[in-house]
2 protein chains.
Amino acid sequence: MKELLPHFNSHFSIDCILFGFDEGELKVLLIERNEEPFKDWWALPGNLVSESESLDQSASRILHELTGLDNVFMEQFYTFGDVGRHPQGRIISVAYYALLRLGGDKALKPLSTYAKQAHWINVNELPQLAFDHQKIFDQGLEKIKRRIKHQPIAFELLPEKFTLTQLQNVYEVILGKKLDKRNFRKKMLSFSVLKDLNEKQKGVSFRAATLYRFDKRKYGKLFAKEISF
Amino acid sequence: MKELLPHFNSHFSIDCILFGFDEGELKVLLIERNEEPFKDWWALPGNLVSESESLDQSASRILHELTGLDNVFMEQFYTFGDVGRHPQGRIISVAYYALLRLGGDKALKPLSTYAKQAHWINVNELPQLAFDHQKIFDQGLEKIKRRIKHQPIAFELLPEKFTLTQLQNVYEVILGKKLDKRNFRKKMLSFSVLKDLNEKQKGVSFRAATLYRFDKRKYGKLFAKEISF
DNA sequence: AATATACAGTGTATTTATTACACTAAGTAA
DNA sequence: TTACTTAGTGTAATAAATACACTGTATATT
């Protein structure tokens, strides 16, 4: 059967933008490459897609290999296929972003030979990136800026229990602007998707805030319309 | 260089949803396949991507081969890569939609051997489709439903000069609901992107409406926020 | 015990946007 | 002249977005 298809020496890969939120900052996981091309450059984690796995599976695998995590929110957002994007041949790359809860530094797994190290880097302090990864990153960031106004993705970056101020920080850091505290709270609570846990923060050196949980059951498919702040 | 990459017998293809608007209806171009697999089934037009063309170029080529048209609005919207989606092997497909102005029936080019015929079919009367093309179509339609609220894509489906009623029809048929005439006009005109041509429709058997043109220069990158109707 | 600090938590008034709704005007066709 | 068909128009009511500043409460410091 397969011989019906012409043979092109083409490949696909997955590139992943792993976003994490920690200490009020939006961070992204970058690896330092250990192989040509772009040896010693920083890059988004990625890998070729094997014949036996779907795109989603491949993206999950890459994430798992780096972080040891499963069941992380991931979404495909664009496919990059310019002819010259990879110096070693035709490689089309399907890009995903993932959103994950960083508690301190999420333990990073031992890396395979293709990377020397991996670091969480503030999105406002990115080094120069290999390949067309800057373009991929820019598009991914744009994507989550739009997404966060329509879908409840902010919760994916927070621990299960969070305060309204932490939630507001996620919106602020992704949208890149300060929001009004009273208006933010009013609107968020109006969606009725936050469950008040009648519980307070612990271990803070000032007045503890109320903890909330995102209530998936109360959430329809989309916020009725775009959230505007 | 290329021998550094492992050899997987994988391919990519492009599948295109060609949307057209004609006589108040939203239509899509389907081909009837002339080859196995899915011989005699209806399908979205598509083709393998050759090594020397970018994804966008490949999509434009497919559209050109079918319709003879160039410079048509196209946008990539999702990549489908489930392992079993193509019975003849691993084929990952990058999906595009295109929006085009149908004047009567846009002349369809002679088709290559892989299709017997091509037809413009009302999106509400689709036959059963080959491969996972129903899923691709559904996602494409969802995409333009969201897009039309944020970006001026409706104009791509209309002739250069159009009436406000025609524009409203485009919105109605894509969103799948009736809109209020006065509110629609008020809001559309408030964006200041329509140029009144001081010109009337011709050849209509009733009162002729004013013609407008979309003014790209007056249009920023996005409508300020989602358009709600 | 008193005080300073740091963040939590709250309400109102104004402006802007959305919605609902029905008739007259103008051209064509018979 | 009349009937028909679509064009074109405004207002009032409701809902949403915005701008804005102080008090409350727990902790830490002296």
Side-chain angles (χ1 to χ4, degrees), chain A residues 21 23-25 148-150 158-159 161-173 175-213 220 222-229, chain B residues 21 23-25 148-150 158-159 161-173 175-213 220 222-229:
Chain A
F21 180 75
E23 295 171 3
E25 293 182 1
I148 203 171
K149 293 186 166 188
H150 291 276
L158 289 170
K161 299 175 180 185
F162 52 84
T163 69
L164 284 173
T165 299
Q166 288 167 344
L167 183 60
Q168 183 175 341
N169 281 343
V170 171
Y171 275 86
E172 288 179 338
V173 77
L175 295 175
K177 64 179 181 192
K178 284 274 169 218
L179 303 175
D180 179 89
K181 182 158 73 162
R182 278 177 292 192
N183 293 341
F184 180 84
R185 284 164 182 243
K186 202 190 319 177
K187 180 162 243 169
M188 265 302 148
L189 294 172
S190 77
F191 295 130
S192 306
V193 296
L194 296 184
K195 183 167 170 54
D196 183 336
L197 295 172
N198 294 314
E199 203 178 325
K200 299 276 172 184
Q201 275 182 306
K202 288 198 177 106
V204 287
S205 65
F206 41 79
R207 179 178 176 188
T210 299
L211 291 169
Y212 290 84
R213 182 201 305 266
L222 287 172
F223 294 129
K225 51 180 69 175
E226 178 176 301
I227 303 175
S228 76
F229 289 111
Chain B
F21 180 75
E23 294 172 5
E25 293 182 359
I148 202 171
K149 292 187 167 190
H150 292 276
L158 290 170
K161 299 175 180 184
F162 53 83
T163 70
L164 284 173
T165 299
Q166 288 168 343
L167 183 60
Q168 184 176 339
N169 281 343
V170 171
Y171 275 86
E172 288 179 338
V173 77
L175 295 175
K177 64 178 182 194
K178 284 273 169 218
L179 303 174
D180 179 90
K181 183 158 72 161
R182 278 176 293 191
N183 292 341
F184 179 85
R185 284 164 183 245
K186 201 190 320 176
K187 182 161 240 168
M188 265 302 149
L189 294 172
S190 77
F191 294 130
S192 306
V193 295
L194 297 184
K195 182 166 170 51
D196 183 335
L197 295 173
N198 294 313
E199 203 179 327
K200 299 277 172 184
Q201 275 182 307
K202 289 202 177 101
V204 287
S205 64
F206 41 79
R207 178 179 177 185
T210 300
L211 291 169
Y212 290 83
R213 181 203 306 267
L222 287 172
F223 293 129
K225 52 180 70 176
E226 177 176 302
I227 304 174
S228 76
F229 288 112

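The analysis underlying the following values was restricted to heavy atoms, covering all of them including side chains, and did not include hydrogens, waters or symmetry mates. In what follows, every chain begins at residue 1, and chains take the letters A, B, ... in the order their sequences are listed. No experiment lies behind these values; they were computed from the predicted model shown.
- In this entry the distance linking CG of A/D180 with P of C/dT10 reads 14 Å, nearest Å.
- Distance check: B/T163 OG1 to B/L197 CG gives 11.5 Å after rounding to the nearest 0.5 Å.
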Tabulated below should be each protein N or O lying under 3.5 Å from an N or O of nucleotides 12-15 of chain C; please produce it.
| from | atom 1 | to | atom 2 | distance (Å) |
| --- | --- | --- | --- | --- |
| C/dT12 | O4 | A/K186 | NZ | 3.1 |

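- In this structure B/E25 satisfies the side-chain contact (heavy atoms from CB on, under 4.5 Å) test together with B/K27, B/N122, sequence neighbours excluded.
- Straight-line distance from the CD atom of A/E226 to the P atom of C/dA17: 14 Å, rounded to whole Å.
- Atoms CG (B/L211) and C1' (D/dG8) sit 15 Å apart, rounded to a whole Å.
- Of all heavy-atom pairs between A/L194 and A/F162, the closest is CD2-CZ, 3.8 Å.
- Axis angle between the ends of the helix from C/dA1-D/dT30 to C/dA30-D/dT1, five pairs each and rounded to 10 degrees, works out to 10°.
- A/R185 has its CZ atom 12 Å from the P atom of C/dG11, to the nearest Å.
- Within residues 161-168 of chain B, no residue has any heavy atom under 4.0 Å from DNA chain C.
- Closest heavy-atom contact between B/M188 and B/L167: SD-CD2, 3.8 Å.
- In this structure, CG on A/L211 lies 10.0 Å from CG on A/L164, to the nearest 0.5 angstrom.
- Residues B/G24 and B/V173 come closest through the heavy atom pair O-CG2, 3.9 Å.
- The ring-ring contact (aromatic ring centres under 6.0 Å, His included) search around A/F21 returns none, not counting sequence neighbours.
- Atom P of nucleotide D/dC20 and atom NZ of A/K178 are separated by 17 Å, given to the nearest angstrom.
- Considering only residues two or more places apart in sequence or on other chains, B/Y212 meets the ring-ring contact (aromatic ring centres under 6.0 Å, His included) condition with none of them.
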Protein-nucleotides 21-25 of chain D N/O pairs closer than 3.5 Å?
| from | atom 1 | to | atom 2 | distance (Å) |
| --- | --- | --- | --- | --- |
| D/dA21 | N1 | A/R182 | NH1 | 3.4 |
| D/dG24 | N2 | A/R207 | NH1 | 2.8 |
| D/dG24 | N3 | A/R207 | NH1 | 2.9 |

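- At the phosphate of D/dT5, neither OP1 nor OP2 sits under 4.0 Å from any side-chain N or O atom of B/S205.
- For residues 180-203 of chain B, every residue pair satisfying the salt bridge (Lys or Arg N to Asp or Glu O under 4.0 Å) rule, not counting sequence neighbours, is listed here: B/K161-B/E199.
- Not counting sequence neighbours, the partners of A/K178 by the side-chain contact (heavy atoms from CB on, under 4.5 Å) test are A/E172.
- In this structure, A/K149 and A/L175 approach most closely via the heavy-atom pair CE-CD2, 3.9 Å.
- Not counting sequence neighbours, the partners of A/F191 by the ring-ring contact (aromatic ring centres under 6.0 Å, His included) test are A/F223.
- To the nearest angstrom, P of C/dT10 lies 15 Å from CZ of A/F184.
- To the nearest 0.5 Å, atoms NE2 (B/H150) and NE2 (A/H150) are separated by 3.5 Å.
- Residues from residues 187-204 of chain A with heavy atoms under 4.0 angstrom of DNA chain D, sorted by number: A/K187, A/V204.
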